[in-house]
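These notes concern the structure reproduced below.
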Amino acid sequence: MTEYKLALVGFGGVNRALAQLIAERNDSWKNELGFTLKIVGVTDLFLGSVIDRDGLDAALLANLPAVKGAFAQLPGGEAIALNEAVIKDSGADIIAEATFTNPVDGEPATSFCRWALENGKHVVTTNKGPIALHGGELKDLAQRNNVAFEYEGSVMSGTPVIRLARQLLAGSSVVGFEGILNGTSNFVLTRMEGGLGFAEAVSEAQALGYAEADPTADVEGHDVRLKMVILANELLDAKLNVSDVSCSGISSLGLGDIEKARQDGARWKLIGAATRHADGSVSASVEPRLLNHDHPLAAICGATNAVSFATDLLGAVTVSGPGAGRTETAFALLSDIISIHQSVAHN
Ligand SMILES: NC(=O)C1=CN([C@@H]2O[C@H](COP(=O)(O)OP(=O)(O)OC[C@H]3O[C@@H](n4cnc5c(N)ncnc54)[C@H](O)[C@@H]3O)[C@@H](O)[C@H]2O)C=CC1
Ligand SMILES: N[C@@H](CC=O)C(=O)O
């Protein structure tokens with residue numbers, strides 16, 4: 001039976017939910033997936049760090065109080081985040097990176113990924129910064145070190161949209177896509193349709209674990225802009241930088257705009273769209289759009305996301321599913337680990 005040793009970098013909503021899944025389901029994964037997971041290290045700026053090469057108790061970790069320096073309560077634990085030691089010296093085969101997304105330079109997560117890959121460890125991450133800003137370099141580094149760099153959760157949380165489009169739409173010539181790619185802003189717009197104020201709706205999204213550490217990234221479209229770069233570079237063979245994607249968010253929409261749209265039989269949605277042109281160039285944008293009720297994306301409500309791929313051979317192929325959520329995003333990390341297991345087994 002294969003057992004992968006896992007180190008968790010960042011222990012907020014997503015990696016804590018992964019620890020919970022491991023606590024609840026590791027035994028059943030033996031038969032269902034052909035492997036089990038052992039957590040050998042965890043590190044977090046707020047909670048501190050802990051390493052145990054024999055394996056940490058996943059249930060204990062998942063239920064640890066979220067108080068500063070909490071890992072110091074555990075045998076061998078420290079109140080400070082020894083990120084480098086956990087990544088390089090815990091004996092992990094796989095690093096699950098889920099620290100905050102930095103939309104400016106992707107740090108410190110990009111350095112965490114580099115350390116892991118250079119040291120021969122697979123990386124699974126839900127963090128958009130390293131991929132959107134340094135994806136090419138990290139993919140090359142992974143290849144040179146013969147390890148995997150997987151990031152399914154970086155777009156549409158647990159909905160497997162990257163792998164689906166890359167693998168199952170291969171050969172269908174994807175020429176563009178448009179979608180609702182931020183759970184928080186879609187949730188906020190939906191709650192505002194119910195009469196809730198903007199600020200209250202953002203607070204709810206934060207409490208539910210959907211929002212970024214700084215929710216400005218959600219409501220101003222910056223988060224979708226990173227996702228557009230990731231998807232366009234992955235699927236349209238684009239070489240987009242963040243600054244190539246025009247971007248405006250939903251913060252200027254008030255309850256009056258939402259109500260007016262309702263009376264007109266329409267809905268405001270934050271839409272990311274990308275197109276490959278005849279000369280091979282790709283353009284992409286993020287902006288609020290007024291969609292009539294018969295538009296396929298108009299019915300997508302709450303933290304649900306959807307993306308519609310325009311293909312040469314099939315026409316539009318639309319996928320919808322969770323766009324945010326702790327457990328949903330932890331599932332994306334699991335799906336990355338499954339993919340690593342399948343390629344290890346295949347090779
Ligand atoms: N929550 C969601 O629905 C989704 C989240 N993501 C991405 O997944 C990542 C994690 O998300 P959450 O767990 O919700 O965020 P979170 O804010 O709950 O957790 C992030 C954790 O990283 C820790 N951290 C920050 N800087 C650090 C450093 N230098 N060293 C070690 N730890 C550090 C923080 O203390 C915090 O506990 C983010 O990049 C987010 O954008 C992606 C898809 C969906
Ligand atoms: N804050 C993001 C989380 C997933 O990327 C969102 O709301 O979509």
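Just so you know, ligand 1 is whichever comes first in the structure, and atom 1 is the first atom listed for that ligand. The figures here come from the full heavy-atom set of this structure, side chains too, leaving out hydrogens, waters and symmetry mates.
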Next item on the list: Look at E107 together with R114 and state whether they make a salt bridge at an N to O cut-off of under 4.0 Å.
Entry: yes

Within ligand 1, which atoms have a heavy atom of [X] less than 4.0 Å away?
| X | value |
| --- | --- |
| F46 | 35 (O) |
| E212 | 40 (C), 41 (O) |
| F112 | 29 (N), 30 (N) |
| A324 | 3 (O) |
| G325 | 2 (C), 3 (O) |
| T101 | 38 (C), 39 (O), 40 (C), 41 (O) |
| G153 | 42 (C), 43 (C) |
| G209 | 1 (N), 2 (C), 3 (O) |

Looking only at protein heavy atoms, identify the closest one to [atom] and say how far it is in Å.
| atom | answer |
| --- | --- |
| atom 32 (N) of ligand 1 | L45 N, 3.0 Å |
| atom 12 (P) of ligand 1 | V14 CG2, 3.7 Å |
| atom 17 (O) of ligand 1 | A213 CB, 4.7 Å |
| atom 8 (O) of ligand 2 | G183 N, 2.7 Å |
| atom 34 (C) of ligand 1 | D44 OD2, 3.5 Å |
| atom 25 (C) of ligand 1 | F100 CD2, 3.8 Å |

Before signing off on this row, confirm whether [X] and ligand 2 have an N or O atom pair separated by under 3.5 Å.
| X | value |
| --- | --- |
| A324 | no |
| Y210 | yes |
| S154 | no |

Check: At under 4.0 Å between heavy atoms, which part of D218 makes contact with ligand 2: side chain, backbone, both or neither?
Finding: side chain

Notebook entry, point to check: Relative to ligand 1, is K128 under 4.0 angstrom through side chain, backbone, both or neither, heavy atoms considered?
Noted result: side chain

Checklist line | P108 contact mode with ligand 1 (heavy-atom cut-off under 4.0 Å) | finding: side chain

